[in-house]
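Below you'll find the structure, written out as structure tokens, and then a few comments.
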2 protein chains.
Amino acid sequence: MSSPEYAPRLSRRPGFVFVRAALRIRQIYAEALATVGLLPNQHAILSTLDELGPCHQKELAQRVVVDQGDIVAYLDGLQHNGYISRERDPKDRRRQIVTITDAGRELLAESDQVLDHIEADTFSVLSDRERAQLTRISTRLYDGSDAAGH
Amino acid sequence: MSSPEYAPRLSRRPGFVFVRAALRIRQIYAEALATVGLLPNQHAILSTLDELGPCHQKELAQRVVVDQGDIVAYLDGLQHNGYISRERDPKDRRRQIVTITDAGRELLAESDQVLDHIEADTFSVLSDRERAQLTRISTRLYDGSDAAGH
DNA sequence: TATTGTTATACTCTATAACTATA
DNA sequence: TATAGTTATAGAGTATAACAATA
């Protein structure tokens, strides 16, 4: 049974079809990350921290594209489990310097393996060419919507 | 500034890039629909009702892919504003038959115009060929993830 | 069907503390 | 200095949506 049967007119909207598929993919990813105890945003935070090195919460929030007010709770959870550490910046004591720990790097490696597996499975219905197309088109849409001021 | 700069490693994951773009598109759609007083799920409900004709809440929930428990609140809102009517099915009085009203059809036409406008704008960064590719790939992913039991 | 509650995410508003610039 | 303005975090509250359990 193909999806257009459920809502023929909506299925003619590229935006609707796009969003509907992505929400399902997101759910699959969230379930996979839950097996290692991470929320999707927490995985994005660990991944970004690992790549960029220690940084302040504000910069981290901007890069991960999470609200500055909401990142506190994500970091609280990560810190509680020892995956990150927070220290006051001696040069500006308002700021917290967030650093990924060894345990955080281990968990990140584990969760990336889980995601690699899930991703390979989820995208197995697509050819390499189609995956490249999807990535390119998605990036263009994201950047384009950003430029439009949203 | 291109999006990969924010999170280089995550941006190499097709799933992440896909979901990130779709969430932004979804937000743009939600804001557009808010101007006519509709939630995205309410628009999907009206669109489906208009296309399929009167049907029971359970079938409606299945087609729109909304939880049967959650659809009650969406329908309450639509009924309060006169966009739908609910009547007990005389053949099975446990069931409610949901019907879109003339006011509902008017609002649907208006909201579809809004969406057409927003959609043209959002996808203007893509060629016709790319839009077709995106729709085809998204549909394949959605159906594929469904077959995988998610 | 409907209700209640939980979770994830995103957004708004406010509070506190600490920094910066200037009178 | 003293004051005003800004910034970084933190917390509370709200809204949408998906889901589970139950009446």
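Every chain is numbered from 1 and lettered A, B, ... according to where its sequence line falls, protein lines coming before strand lines.
For the residue pair B:Glu106 and B:Tyr83, no side-chain donor N or O sits within less than 3.5 Å of a side-chain acceptor on the partner. One side chain, A:Gln79 or A:Arg86, offers a donor N or O that lies under 3.5 Å from an acceptor on the other.
Distances shorter than 4.0 Å separate none of the side-chain N or O atoms of A:Gln68 from OP1 or OP2 on C:dC11. Remark: B:Arg24 is not in phosphate contact with C:dT9, judged by side-chain N or O atoms under 4.0 Å from OP1 or OP2. An OP1 or OP2 oxygen of C:dT9 is reached within less than 4.0 angstrom by no side-chain nitrogen or oxygen of B:Arg20.
Using a 4.5 Å heavy-atom threshold, the side chains of A:Val98 and A:His56 count as separate. Taking 4.5 Å as the limit, every side-chain heavy atom of A:Tyr142 sits out of range of all side-chain heavy atoms of B:Val17.
Taking hydrophobic clusters as Ile, Leu, Val, Met, Phe, Trp and Tyr residues chained together by side-chain heavy-atom distances below 4.5 Å, A:Leu23 shares a cluster with A:Leu141.
Checked by atom type and distance alone, the side chain of B:Ser47 never pairs as donor or acceptor with a backbone atom of B:His43 at under 3.5 Å.
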Walk along nucleotides 16-23 of chain D from 5' to 3' and tag each nucleotide B, S or - by protein heavy-atom contact under 4.0 Å, base first, then sugar-phosphate. SSBB----

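Applying the 3.5 Å distance criterion, the base of D:dT7 shares a donor-acceptor pair with the side chain of A:Arg94.
Counting any heavy atom pair closer than 4.0 Å across all strands shown, B:Arg93 reaches no nucleic acid atom.
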